[in-house]
Amino acid sequence: AHKFRGAAKMRNRNNNTHGTTFLIEWSNNYDTGWRIIGTTTKTSYETPLTEASGRNYFRVKAQKGSTVTESSNIIVL
């Protein structure tokens, strides 16, 4: 399991208040294949999902109600 911080540090981004959920997305291909692997209301996330061969790409979106932000910078593990 990998623990990452950084891209998930979105606290108070765009004046988000209580009720913001962060959508954690993963892909093994930088350009395509993004899928939501989890959600959190915290500013850190631990994922059991990694592929030993190749790279693992993660990005985060903030969601409040029906509003979803653009993706964060991409983290590569």
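Computed from a predicted model, the values in this text were never measured in an experiment.
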Do you know which two heavy atoms are closest between Thr20 and Ala62, and how far apart they sit? CG2-CB, 4.0 Å

Could you walk me through whether Phe22 and Thr41 pass the side chain to side chain contact (heavy atoms under 4.5 Å, CB included) check? CA-CA 6 Å; Phe22 299 105; Thr41 57; 5.7 Å; no

Beyond-backbone contact of Asn28 with Trp26, side-chain heavy atoms, under 4.5 angstrom: yes

Spacing of Arg55 atom CZ and Leu77 atom CG [to the nearest 0.5 Å]: 10.5 Å

The reported gap from CG in Asn56 to CD1 in Ile75 (rounded to nearest 0.5 angstrom) is 11.5 Å

Between the CD atom in Glu46 and the CD1 atom in Ile24, the distance rounded to the nearest 0.5 Å is 12.0 Å

Quick check on the hydrophobic clustering: are Ile36 and Val60 connected, directly or via other members, by side-chain heavy-atom contacts under 4.5 Å? no

CD of Gln63 to OG1 of Thr69: how many Å apart, nearest 0.5 Å? 9.0 Å

Might you point out which heavy atoms bring Trp34 and Asn29 nearest each other, and give the distance in Å? NE1-O, 4.4 Å

State plainly whether the residues Lys61 and Glu25 are in salt-bridge range, i.e. N to O under 4.0 Å. yes

Beyond-backbone contact of Thr40 with Thr21, side-chain heavy atoms, under 4.5 angstrom: no

Do Ile37 and Phe58 have side-chain heavy atoms sitting under 4.5 Å apart? yes

Treating Glu70 as the side-chain partner and Ser72 as the backbone partner, does any N or O pair qualify as donor plus acceptor under 3.5 Å? no

